[in-house]
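In what follows, every chain begins at residue 1, and chains take the letters A, B, ... in the order their sequences are listed. Only heavy atoms go into these numbers, but all of them, side chains included; no hydrogens, no water, no symmetry mates.
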Amino acid sequence: MRAFTYTRAADTSAALGAAIQNPEAKFIGGGTNLVDLMREEVERPNEVIDINRLPLSQIEELPDGGLRLGALARNSHTANHLLVRQRYPVLTQAILSAASPQLRNLATNAGNLLQRTRCYYFYDITAPCNKRQPGSGCAAIGGFNRIHAILGTSEQCIATHPSDMAVALAALDATVQVQSANGQHSIPIEAFHRLPGDTPEQDTNLGHDELITAIDLPATPFATSSLYLKVRDRPSFAFALVSVAAVLKVADSQIKNVRLALGGVAHKPWRAHAAEEILTGAQPTAEIFRRAAEAELQAAIGYEHNAFKIELAKRTIVRALTTLTERHLA
Amino acid sequence: MKTKEVGRPLDRVDGCLKVTGQARYTAEIPVGQVAYGVLVRSTIAKGRIVAYDTKAAEQAPGVLAVITHENAPKRHPTKEFDPSDKEPSASPTTLLVLNTDEVSWHGQPVAVVVAETLDQAEHAAALVRVSYAEAEPARLSLVAEKPRAFVPEKVLNEKPEVKQGNAEEALAAAPFKIDYTYTTPPYSHNAIEAHNTLAYWEGEDQLIVYDSTQYIFGVRKMLSEMFALSEENVRVVSAFVGGAFGSKGRAWPHVGLTAMAAKVVGRPVKVDLPRKDMFYMVGPRTPSEQRVALGADAEGRLQAVIHTGTTASSTSNTFAEHFSFVTRHLYASANILIQQKLVRLDMVPNTFMRAPGEGIGTFALESAMDELAYALRLDPIELRLRNEPGKDPTMHVPFSSRHLKECFAQGAEKFGWNQRNPEPRSQREGPWLIGQGVASAFYPANKRSAEVKVHISIDDTVVLQSATHEMGTGTATVQAQNAADQLGLPVGKVRFEYGDSLLPKANGSFGSTTTITVGGAVELACEDLKRQLLRLAVKHPSSPLHEASYDDLEARDNGLFYKDHPTQGETYAAILAREGKDSLEAQASFPAFLKEKLEEMAYSFHSFGAQFCEVRVHEDTGEVLVSRWVGVYDCGTILNEKTARSQFLGSVTMGIGMALWEETKWDLRDGRIPNSSLSEYHVPVAVGLPRIEVHALSIPDPHTPLGAHGAGEIAVTGAAAAIANAVYHATGKRIRNLPITPDKLL
Ligand SMILES: Cc1cc2nc3c(=O)[nH]c(=O)nc-3n(C[C@H](O)[C@H](O)[C@H](O)COP(=O)(O)OP(=O)(O)OC[C@H]3O[C@@H](n4cnc5c(N)ncnc54)[C@H](O)[C@@H]3O)c2cc1C
Ligand code: SF4
């Protein structure tokens with residue numbers, strides 16, 4: 001690990017001030033991702049700004065009936081919060097499917113959104129990797145790519161975003177609240193993470209001197225009927241091969257509302273708009289579920305070891321929708 | 001001997017030390033002035049080191065030395081670990097690591113950085129730049145190398161080939177047959193305790209090494225060869241080992257390099273391998289490709305048994321993993337063909353992993369038996385019973401003890417096997433397809449050599465000494481129980497000192513041999529002690545034992561008493577007191593006499609078992625969950641129900657990991673291991689495991705010390721096949737390539 005200075009920020013403006021002053025500095029939340037990457041010398045900040053003393057750990061109701069999740073609320077706290085469990089079960093399930101209890105007790109909501117890819121080669125500083133070292137090449141494309149993306153990839157990078165929580169947030173139309181020296185603004189979750197394109201080194205649209213303060217969930221009454229399905233190589237403590245966050249409202253044998261997002265398939269949580277369009281207003285049948293899944297995955301490209309994800313994603317979509325529909329009927 | 005302690009589920013004698021953090025593992029040994037070493041890994045798999053740039057590293061804060069092959073002290077060649085040597089060296093490789101510019105695997109240590117703190121050493125190591133010349137493409141694929149595969153001279157100590165009758169002809173003629181290829185991937189060792197070494201020198205030629213090893217004398221031998229020291233001048237200590245599973249039987253390059261670094265900086269140096277280095281510098285289990293062909297008559301009697309295949313070693317070692325051994329001993333057939341081939345890859349030298357040979361061999365053979373059972377429409381247990389041999393089918397000697405039938409009978413009963421509908425894909429619960437599978441377990445019951453010293457004091461405390469190892473297996477506990485019974489004392493009186501080369505010599509603790517070997521030596525040493533005590537008593541007319549002969553007596557109540565006059569006898573304390581002695585000691589070696597050695601050849605010594613499991617396979621996603629496990633094992637007398645049970649549970653767990661999750665990925669372009677971390681290399685986790693029910697027959701083997709066999713590995717064997725067989729039963733899909741990941745079942 002490279003030597004670094006440790007700065008403890010007393011408040012938000014001190015944190016932002018420190019970040020503006022030093023372009024090489026990094027905020028630290030739970031540190032469960034940043035410290036690992038620093039030990040591997042993938043991240044090499046010369047200063048770490050500890051934001052854990054900032055008053056951003058609350059989970060509170062918004063006037064419109066939505067919820068505001070503090071940036072520093074721990075993943076375990078968020079998942080087990082009564083209102084989250086009641087109103088957004090998909091989020092609780094997504095968070096609890098991730099990592100281990102010890103990690104979730106440390107991990108913060110903001111840190112979770114900003115965790116970096118688990119691409120093997122990104123983690124190994126002796127391998128070429130455009131995300132870590134722009135222009136050096138992509139070792140995954142001709143190497144092991146079982147855990148890599150099938151949607152929205154580029155010739156520069158085929159990495160996935162590993163967060164489970166973010167997939168549920170995508171299905172819930174969350175917005176990320178951001179504070180910068182110029183004031184507060186919000187970024188819709190879909191516009192928060194990026195596709196790799198020619199700049200795979202940029203995971204998100206968050207600036208270096210911007211701080212996440214909260215994640216807002218809009219009021220979504222039908223989200224009580226929601227589900228997170230995660231398919232993985234090992235039944236616990238493993239990242240998703242493919243995951244699906246689904247929110248579904250069925251009434252009078254008709255799909256009134258549906259939100260679908262996929263994890264493990266792209267450089268960002270993948271909101272399945274094409275599938276949603278086919279499903280909305282349709283009768284909930286196995287055929288239409290499959291057709292929607294086919295449409296969403298139509299543009300998917302498989303590589304040597306991950307082509308199976310295309311079929312797996314389709315089946316997981318169908319299974320998630322079927323399960324929610326059966327619950328409606330029951 | 002009457003047993004009072006042996007067999008009891010006694011708590012581990014070191015359990016309290018371990019759970020309270022008082023047991024000191026190698027990385028925790030306090031030594032003043034210690035410096036930290038970090039190894040730099042090569043980033044190519046084959047070629048030569050052309051140049052180093054170490055300037056930045058040398059100037060980094062806290063750095064004491066940057067050692068490369070250009071400035072390293074001279075070291076000497078070390079003989080590769082060879083199981084046919086009487087006292088083999090623990091060297092995993094013949095490569096002169098850090099005394100050569102040759103690179104023969106990706107991740108080979110090419111420099112050592114020593115600094116005041118671990119962080120400083122880690123950072124400086126990342127600053128070392130090495131340039132290489134890559135001469136020819138590295139050979140990294142077992143499949144691609146198959147045209148160059150050769151039949152090695154030997155496989156462990158046995159012949160690489162067995163030909164009995166004409167198996168190919170018999171196969172062709174058999175009315176029922178199967179003939180398939182099974183593959184297993186490389187697996188990496190991931191004991192909880194990483195590999196740690198601490199070394200320092202006293203004067204020019206006294207080397208002291210604390211090392212997490214399961215083979216103290218092998219490490220001593222290797223280091224004495226490496227630094228041209230007499231063996232007595234090297235002391236190796238290994239008090240507690242946090243899991244070994246074969247990985248710590250060889251001394252990986254960091255061991256010698258730690259000693260070398262200590263010499264260079266003139267201070268104690270400690271190297272604690274990071275998890276990533278364990279993937280690159282500790283050998284894996286070889287990948288394998290195995291063909292099993294079985295031919296049977298209409299009754300299911302095996303007319304032909306063929307088991308051939310290929311494994312890999314590195315370019316600097318020769319270990320051909322013995323996957324075919326199981327087929328030499330498990331089922332009867334007049335026509336048997338066995339052949340092992342080897343390819344050499346540019347990879348880290350391969351090594352033992354819990355149940356080497358049988359672990360992967362039983363996957364192939366026991367999957368094939370299941371396939372044959374389906375071809376015959378015969379119950380798979382019945383098929384196995386119909387092929388029970390009267391004698392060992394290739395050694396042609398009787399089994400010392402063999403109760404496989406009883407294992408199946410008990411297991412079937414406990415598991416409810418007879419309720420199973422054999423039809424594949426016939427049971428489901430929602431989206432989960434359910435299946436049950438069975439397989440035989442099989443593992444040799446070998447012995448090695450050990451010396452034990454036993455010391456008794458007038459207050460009846462007994463100290464046993466032997467340089468054997470405690471890797472969490474319970475050796476210290478069961479041998480205390482053993483000695484307590486041999487001497488007729490409460491177990492609390494016995495203490496076992498182990499883990500130091502200053503103690504009497506013992507062989508490596510691998511191959512499930514420690515219990516019998518050390519147990520045999522304890523038995524002999526205690527006998528010698530009792531005979532000495534008796535001789536002291538017999539001299540005195542006043543002793544109640546004045547007229548006694550050894551065979552009239554038994555040890556109990558802290559002394560020697562007549563078998564048929566329970567009250568007549570004398571305590572050890574009384575015998576010693578009369579002589580004015582406050583203690584007495586005896587020492588013995590096992591095996592002691594030609595008798596044991598002849599017995600070794602007159603019988604086939606093996607352990608057996610029956611593995612039953614149930615799996616649930618998600619019909620959409622291919623995820624597999626093991627939902628039930630019953631194992632029944634036949635491995636002689638169980639010395640301690642509790643520690644044996646732990647061995648079975650751990651073994652089944654490793655078997656499940658091997659079947660479903662674990663796989664070391666080698667990037668075939670450059671030998672990199674992309675999943676070299678515990679986040680991407682999937683070891684078993686508790687949530688993925690069912691309740692594992694294990695039972696032991698505990699029938700004594702009349703031809704082994706205490707009637708015991710080792711119990712550390714048997715329950716790995718057959719586990720992967722039982723799972724693959726259950727997956728077939730659940731889904732109708734036969735998976736012949738481990739691990740059984742969801743994509744293979746889509
Ligand atoms: C072995 C292992 C298994 C895991 N398995 C899973 C899994 O299955 N699914 C899953 O989703 N996750 C998994 N995780 C990842 C885990 O969820 C993340 O590490 C965690 O959520 C990161 O949160 P943190 O607070 O520790 O972030 P940190 O490590 O503190 O920070 C991560 C990044 O966020 C930045 N940052 C933090 N807070 C802010 C803020 N308020 N504003 C701006 N920037 C900020 C930091 O600068 C840093 O770049 C796993 C992790 C490990 C180690
Ligand atoms: S996929 Fe992206 S992160 Fe992985 S090696 Fe390629 S560029 Fe790097």
Region of [X] that comes under 4.5 Å of a non-hydrogen atom in chain B:
{"X": "A:A139", "result": "both"}
{"X": "A:R146", "result": "side chain"}
{"X": "A:T316", "result": "side chain"}
{"X": "A:A127", "result": "both"}
{"X": "A:L229", "result": "neither"}

Taking side chain as everything from C-beta outward and backbone as N, CA, C, O, which of these in [X] sits under 4.5 Å from a heavy atom of chain A? Side chain, backbone, both or neither.
{"X": "B:E662", "value": "neither"}
{"X": "B:L625", "value": "side chain"}
{"X": "B:V683", "value": "both"}
{"X": "B:T43", "value": "side chain"}
{"X": "B:P739", "value": "neither"}

Minimum heavy-atom separation for B:I673 to B:Y280, with atom names? N-OH, 2.7 Å

Do you know which of [options] has the most heavy-atom pairs with chain A at a distance under 4.5 angstrom?
{"options": "B:H682, B:K276, B:R41", "result": "B:H682"}
{"options": "B:H618, B:Q120, B:E122, B:K665", "result": "B:K665"}
{"options": "B:L660, B:V687, B:T621", "result": "B:T621"}

Checking side chain to side chain donor-acceptor pair (under 3.5 Å) for the pair A:Q102/A:N105: CA distance, chi angles, key distance, verdict? CA-CA 5 Å; A:Q102 295 91 329; A:N105 285 343; over 6 Å; no

Should [X] and [Y] count as an ion pair when the cut-off is N to O under 4.0 Å?
{"X": "A:E294", "Y": "A:R291", "answer": "no"}
{"X": "A:E40", "Y": "A:R132", "answer": "no"}
{"X": "A:E43", "Y": "A:R116", "answer": "yes"}

Supply the atom-to-atom distance [X] [atom1] to [Y] [atom2], rounded to the nearest 0.5 angstrom.
{"X": "B:H106", "Y": "B:S42", "atom1": "NE2", "atom2": "OG", "answer": "6.0 Å"}
{"X": "A:T7", "Y": "A:I28", "atom1": "OG1", "atom2": "CD1", "answer": "11.5 Å"}
{"X": "A:L103", "Y": "A:N75", "atom1": "CG", "atom2": "CG", "answer": "9.5 Å"}

With the side chain counted from C-beta on, respond yes when B:T731 and B:R425 share a heavy-atom pair under 4.5 Å apart, and no when they do not. yes

Residue among [options] with most heavy-atom pairs under 4.5 Å to chain B:
{"options": "A:L312, A:L241, A:D233", "value": "A:D233"}
{"options": "A:A307, A:G142, A:A238", "value": "A:G142"}
{"options": "A:F237, A:Y123, A:Y121", "value": "A:Y121"}

Is the backbone of A:I141 close enough, under 3.5 Å, to the side chain of A:N145 for a donor and an acceptor to pair up by distance? yes

